[in-house]
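Start at 1 with the first residue, then count along the sequence. Since this is a predicted model, take the numbers as computed values, not measurements. Quick note: numbers below take in every heavy atom, side chains included, and nothing from hydrogens, waters or symmetry partners.
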Amino acid sequence: MPIPGYDPDDVDDHLEGLLDGEDLDEYLSADERRRYEDGESLGDLLDEEDIRRLLDEDSESETAA
């Protein structure tokens, strides 16, 4: 999902930083996980709702810290 005004690589790097291996299984189907492991970006694989949820959780954790 392209996000206007942001470098896709930066967005993908940030999303990868928010997820670990177990979280990937929560957000990606088995097919999407294989595509990710083959090099497709999380920005392309995650839907808008999942991206918002991840960013909201990140924002909440920064606020609590």
Side-chain angles (χ1 to χ4, degrees):
M1 177 191 97
I3 301 173
Y6 292 91
D7 181 339
D9 291 334
D10 290 344
V11 172
D12 211 51
D13 289 346
H14 187 69
L15 291 172
E16 286 178 354
L18 296 175
L19 294 171
D20 62 26
E22 293 176 13
D23 288 336
L24 283 174
D25 292 334
E26 178 182 340
Y27 285 91
L28 301 177
S29 68
D31 178 59
E32 290 170 329
R33 179 70 184 249
R34 276 190 297 278
R35 289 168 44 200
Y36 172 69
E37 291 170 355
D38 287 339
E40 195 163 340
S41 75
L42 286 174
D44 290 335
L45 294 169
L46 295 171
D47 63 30
E48 183 177 347
E49 183 178 315
D50 287 338
I51 292 172
R52 287 184 192 277
R53 187 170 126 203
L54 282 167
L55 295 176
D56 285 346
E57 289 173 2
D58 183 48
S59 176
E60 290 172 6
S61 69
E62 287 179 1
T63 303

For Asp58, all residues meeting side chain to side chain contact (heavy atoms under 4.5 Å, CB included), sequence neighbours excluded: His14, Leu18, Ser61, Glu62
Residues passing the side chain to side chain contact (heavy atoms under 4.5 Å, CB included) test with Glu40, sequence neighbours excluded, are Arg35, Asp44, Leu45
Might you point out which heavy atoms bring Leu42 and Asp12 nearest each other, and give the distance in Å? N-OD1, 2.6 Å
Residue list, salt bridge (charged side-chain N to carboxylate O under 4.0 Å, His left out) with Glu32, at least two apart or on another chain: none
Residues that Glu49 engages under side chain to side chain donor-acceptor pair (under 3.5 Å), provided they are two or more places apart: none
What is the distance from atom CG of Leu19 to atom CG of Asp50, rounded to the nearest 0.5 Å? 9.0 Å
Glu60 side, atom CD; Leu55 side, atom CG - distance, nearest 0.5 Å: 11.0 Å
Find the distance between CG (Leu28) and CZ (Arg34) and round it off to the nearest 0.5 Å. 11.5 Å
OG-CG distance between Ser29 and Leu24, expressed to the nearest 0.5 angstrom: 11.5 Å
Output all residues satisfying side chain to side chain donor-acceptor pair (under 3.5 Å) with Asp25, sequence neighbours left out; order by chain, then residue number. Arg33
Contacts of type side chain to side chain contact (heavy atoms under 4.5 Å, CB included), residue Arg52, not counting sequence neighbours: Glu48
Apply side-chain contact (heavy atoms from CB on, under 4.5 Å) to Asp23 and Leu54, showing your working. CA-CA 10 Å; Asp23 288 336; Leu54 282 167; over 6 Å; no
